[in-house]
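What follows is a single structure, and I will ask about it in a moment.
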Amino acid sequence: MFSALSAPSARRRGAARLAAATLVSGLVSGGLLATAGMAAADGTPQSEGGATATLGGLKTYGAAVVHDGGNDEQVSAGLFEMSVDNGGTLQTYGLDIHNPAQKDAKYHETSWSGTSLNGNKNAGKISWILSNSYPQVNDLAALAAEAGAKGLTEQDAAAGTQVAIWRYSDGADVDASDPQAETLADYLEKHARNVPEPTASLTLDPPAVPGHPGERIGPVTVHTDADGVTVTPPPDAAAAGVKIVDKDGKQVTSATDGGRLYFQVPKKAQDGSAELTVQASTTVPVGRAFASDSRSQTQILAGSSESTVSATATATWAAKGPIPALSAEKNCAEGGVDITVVNKGDKAFTFELMGEEHTIPAGRSQTVTIPLQEDQAYDFTIKGPGGREKGFKGVLDCKTESSTGGLSTQTLSEPSPATAGGTAADTNLAETGTTSTTPFIAGTAIALVVIGGAALILIRKKTPTQD
């Protein structure tokens, strides 16, 4: 079974330090932020759209050895399996070798910019490795011949591929334990070249739009590699008279890539908001990153069955005054979360966040970057009048873990589940990147508790991604 963090792995990262920081839970003045159509903020994690999935286990794996400061640590290396919400299965490899993966952690598809791949100039080489190795190349005899190996099992292929990825994602000094797996890892590392980041399986752009009653609010553009998407109107839309239409005002129930959707709001509608959902069935592009908001190891996609993907967009409207629409996205380049506010009202929208006041003039938009510490969990709310509010929640995980020395040495002759390798429905391995013979402590994922605007933050020492 997977656990959150082992005691030895925590010691390897160095002593954690406790710090206090202030997160303003939300102080908004000068206009409407959320309306009766929006429930009280639940701190929903930010998602750009696409596939959401639950991490199952390490399914096909072998062994590897990490060399660090004269110490050797044996780790398990191979393919994880994820179950996609509403149908589908994903195969992934791990990034961030020293960060544990938590069984049953929830993941969402995301762009590289929101992960430790941001700023890694070798990220494209990882994508090349995924497209040119197992399981995308499932003819193991041909793969072995290409790599110069004497033969490859599925376990060898998975372990060798994971080792090659770690060398580029973490800059790790790591070798596969099996000679044939090591030959494959060396081949992949040597021949990898940078390729572009794959496009998202499904997104809506922008995710939030403002407007006035009596007009078509939007457009929201569909971006997908699926043949088409189904469009689900907002709950109770018929009773409120809100429709999802195209540019000609025709009500729609489906769309294709590049399609533009609008919220048609009745002229006499009360100030409010509504959310539409689009859904499709498609294979998720190899190389897409998957991040968790529970401090679980970032994953990168190696294979996908036909899977369900979805995305949402919100419209906010009012007759007069400020009309802001709010969205958020992790910004690893700046070390924070970008809060984007679009104000289509006739008055300026002013709010205070993190001790700083921001004013968005009428008819303008602005992106505010909320600076955060690496590994910092955030859960803050921007409040509107009448107790209505918008919440943002997540964990800033933009860098790979740093091994600070003190690794426990484990020789390859010692019995360990990782030395045998295997393919199994259930394994005893805790995660890739941590010795499999150590008892693990469950439930230690970092959390941020907001109390009166103050937060206790547990920060682990990390280093930037290395080439």
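Predicted model, so just to flag it, every value in this text is computed and none were measured.
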Okay, side chain of Asn331, backbone of Thr369: is any donor-acceptor separation there less than 3.5 Å? no
side-chain hydrogen bond (donor to acceptor under 3.5 Å, both in side chains) for Thr92 and Gln299? Distances and angles first, verdict last. CA-CA 6 Å; Thr92 61; Gln299 303 285 303; 2.7 Å; yes
Could you check whether any side-chain heavy atom of Tyr61 comes within less than 4.5 Å of a side-chain heavy atom of Leu79, counting everything from C-beta outward? no
- Just by distance, with hydrogens left out, do Ser201 and Glu109 show a side-chain donor and acceptor under 3.5 Å apart? yes
Between Trp317 and Ala269, the two heavy atoms sitting closest are NE1-CB, 4.0 Å
Exactly one of Val174, Ile129, Ile97 clears side chain to side chain contact (heavy atoms under 4.5 Å, CB included) with Ile165, and that residue is Ile129
With a sphere of 6.0 Å drawn around NZ of Lys243, does it hold more than 12 non-hydrogen atoms of other residues, nucleotides or ligands? no
Residue set satisfying side chain to side chain contact (heavy atoms under 4.5 Å, CB included) with Asp346, at least two apart, ordered chain then number -> Lys320
Legend entry - Pairwise side-chain contact, Thr350 with Glu357, heavy-atom cut-off 4.5 Å (strictly under): yes
Hits for salt bridge (Lys or Arg N to Asp or Glu O under 4.0 Å) against Glu275, two or more places apart or cross-chain, chain-then-number order -> none
ask   = Would you say the side-chain atoms of Ser294 pair up with the backbone N or O of Ser292, donor to acceptor, closer than 3.5 Å?
value = no
Residues passing the salt bridge (Lys or Arg N to Asp or Glu O under 4.0 Å) test with Asp85, sequence neighbours excluded, are Lys106
By salt bridge (Lys or Arg N to Asp or Glu O under 4.0 Å), Glu306 pairs with (sequence neighbours left out) none
(message) Between the side chains of Lys59 and Glu81, is the shortest nitrogen-to-carboxylate-oxygen separation below 4.0 Å, so that they form an ion pair?
(response) no
Quick one: do Arg216 and Asp246 make a salt bridge, cutoff under 4.0 Å?
-> no
Judged by modelled atom types alone, do Gln376 and Glu374 share a side-chain donor-acceptor pair under 3.5 Å?
no
Quick one: do the Tyr107 and Thr52 side chains pair a donor with an acceptor below 3.5 Å? no
Residue pairs meeting side-chain hydrogen bond (donor to acceptor under 3.5 Å, both in side chains), one or both in residues 248-257, sequence neighbours left out, come to none
Check step by step if side chain to side chain contact (heavy atoms under 4.5 Å, CB included) holds for His223 and Thr203.
CA-CA 5 Å; His223 298 288; Thr203 59; 3.4 Å; yes
Self-check item: From CA spacing to verdict: side-chain hydrogen bond (donor to acceptor under 3.5 Å, both in side chains), Asn118, Ser113
Solution: CA-CA 5 Å; Asn118 175 73; Ser113 64; 5.5 Å; no
Can you find a heavy atom in the side chain of Trp112 that is under 4.5 Å from one in the side chain of Ser127? yes
Between Thr232 and Thr277, is there a side-chain donor-acceptor contact under 3.5 Å, judged purely by atom types and distance?
no
Note: Ala192 and Tyr168 closest approach over all heavy atoms is CB-CE1, 4.1 Å
| Do Ile217 and Tyr262 come within less than 4.5 Å of each other through their side chains, counting heavy atoms only? | no
Residues at least two apart in sequence or cross-chain that pass side-chain hydrogen bond (donor to acceptor under 3.5 Å, both in side chains) with Thr367, listed by chain then number, are Thr340
Margin query: Check whether Asn343 reaches the backbone of Lys347 with its side chain - one donor and one acceptor, N or O, closer than 3.5 Å.
Written below: yes
Margin query: Closer than 3.5 angstrom, by distance alone: can the side chain of Lys267 be matched with the main-chain N or O of Pro213 as a donor-acceptor pair?
Written below: no
Under a 4.0 Å N-O cut-off, is there an ion pair linking Arg295 with Asp397? yes
Donor-acceptor pair between Thr316 and Ser273 side chains, under 3.5 angstrom:
no
